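For reference, positions follow the sequence shown, starting with 1. Source: prediction; values computed, not measured.
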Amino acid sequence: MNKATTVLLCGVGGQGTILAADLLAHAALESGFDAKVSEIHGMSQRGGAVTTVVRFGRDGVQSMVADEGCADCVVSFETTEALRNLSFVREGGYLLVADESIQPLPVLIGRASMPENARETLVDAGATLISAGDIAAGVGSPKSVNVVLLGALATRLEFPQDAWERVIAKRVPPKTVEANLAAFRAGFAFAEEAAESREGDRA
């Protein structure tokens, strides 16, 4: 990881996109990387699209430019935003998506419609769909979809798991520490098991 790694996180207001970016950046710092977080694009009120970029690297981060085709990973908290940001994934990059769809305000008031075949399009693009809502609910923390996805992302990065857990314990509200740690560990375990299954299929 000598070059800077770019992770784009996207979702809608109320899903914890900004918190997830904060946790990712601090996990990078805790692991000895330089890290920077871009300004937030979009509207962060509940239901509005929220996108932020975290870049980290051993040798420092010189630029926060994240053009289309430049993200090593896109982490999306729902399928519509994943489709919207699909073009940012670089060749050879990957996409982690919570397998749920949230209707934005224009759809709710009848001024727009949801994209058709969103899941199929994402699967065809190589996305890993994760039942993050079910996983979060299963550990008693239904609001922690964002942290479940960070757990899945953690299996693909070089940050020690204890660095992630220290950051989560420090930066989430005190009453939610154990719930968020459980969500992170569940997402991590799910992604590890899925990776082992893929390896088994190739063997």
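- No donor-acceptor contact under 3.5 angstrom links the side chains of Thr121 and Asn117, judged on distance only.
- The two residues Val61 and Asp34 come nearest to each other via the heavy atoms N-OD2, 2.9 Å.
- Val7 has its side chain out of reach of Val74: every pair of non-hydrogen atoms, C-beta onward, lies at least 4.5 Å apart.
- Between Leu24 and Leu9 there is a side-chain heavy-atom pair separated by less than 4.5 Å.
- Put simply, Leu150 and Val139 are part of two different groups of oily side chains (I, L, V, M, F, W, Y) that touch within less than 4.5 Å, one to the next.
- Thr6 contributes no side-chain N or O that, together with a main-chain N or O of Ala71, makes up a donor-acceptor pair within less than 3.5 Å.
- Rounded to the nearest 0.5 angstrom, Trp164 CH2 and Leu181 CG are separated by 12.5 Å.
- Rounding to the nearest 0.5 Å places CG of Leu129 at 9.5 Å from CD of Glu120.
- Judged purely by atom type and a 3.5 angstrom limit, Gln15 uses its side chain to pair as donor or acceptor with the backbone of Phe77.
- Residue Leu157 holds its CG atom at 7.5 Å from SG of Cys73, rounded to the nearest 0.5 Å.
- Side-chain contact between Val50 and Val12 is absent, with no heavy-atom pair separated by less than 4.5 Å.
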message: Walk me through whether Cys70 and Arg90 qualify under side chain to side chain contact (heavy atoms under 4.5 Å, CB included).
response: CA-CA 5 Å; Cys70 291; Arg90 68 167 176 81; 5.7 Å; no
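- Hydrophobic clustering keeps Leu29 apart from Val54 (ILVMFWY residues linked when any side-chain heavy atoms are closer than 4.5 Å, directly or through intermediates).
- Of all heavy-atom pairs between Asn180 and Ser144, the closest is OD1-OG, 3.2 Å.
- When side chains are defined from C-beta on, Leu8 does not count as touching Val75, because their heavy atoms never get closer than 4.5 Å.
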Stepwise side chain to side chain contact (heavy atoms under 4.5 Å, CB included) check, Thr51 with Arg84: CA-CA 10 Å; Thr51 303; Arg84 194 194 309 275; over 6 Å; no
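- Between atom CD1 of residue Ile18 and atom CG of residue Asn146 there is a gap of 11.0 Å, rounded to the nearest 0.5 Å.
- Residues Leu95 and Leu86 form a side-chain contact, since some pair of their non-hydrogen atoms from C-beta on lies under 4.5 Å apart.
- By the side chain to side chain contact (heavy atoms under 4.5 Å, CB included) test, Ala82 is found to be paired with Ser76, Val97, Leu122, residues two or more places apart in sequence or in another chain being considered.
- The main-chain N or O of Glu81 is found under 3.5 Å from a side-chain atom of Asn85 such that the two form a donor-acceptor pair.
- Residue Asp72 forms a salt bridge (Lys or Arg N to Asp or Glu O under 4.0 Å) with just one option from Arg55, Lys3, Arg156, and that option is Lys3.
- In this structure, the separation between CD on Glu30 and CG on Leu23 is 12.0 Å, given to the nearest 0.5 Å.
- Taking every heavy atom of both residues into account, Ala191 and Thr155 meet most closely at CB-OG1, 3.6 Å.
- Heavy atoms only, all atoms of each residue included: Thr79 and Ser101 are closest at OG1-CB, 3.5 Å.
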message: Go through it in stages, so that I can follow the logic: the residues are Val148 and Phe184, the test is side chain to side chain contact (heavy atoms under 4.5 Å, CB included), and I'd like the CA-CA distance, side-chain angles, deciding distance and then a yes or no.
response: CA-CA 5 Å; Val148 169; Phe184 175 83; over 6 Å; no
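- Contact detail for Ala118 and Leu83: the closest heavy-atom pair is CB-CD1, 3.5 Å.
- The shortest side-chain heavy-atom distance between Phe33 and Asp59 does not fall under the 4.5 Å cut-off.
- Scored by the salt bridge (Lys or Arg N to Asp or Glu O under 4.0 Å) test, Asp67 finds no partners at all (sequence neighbours excluded).
- Counting heavy atoms of neighbouring residues, nucleotides and ligands inside a 6.0 Å radius, atom NZ of Lys36 exceeds 12 of them.
- Heavy atoms only, all atoms of each residue included: Gly187 and Ile135 are closest at N-CG2, 4.3 Å.
- When side chains are defined from C-beta on, His26 does not count as touching Lys170, because their heavy atoms never get closer than 4.5 Å.
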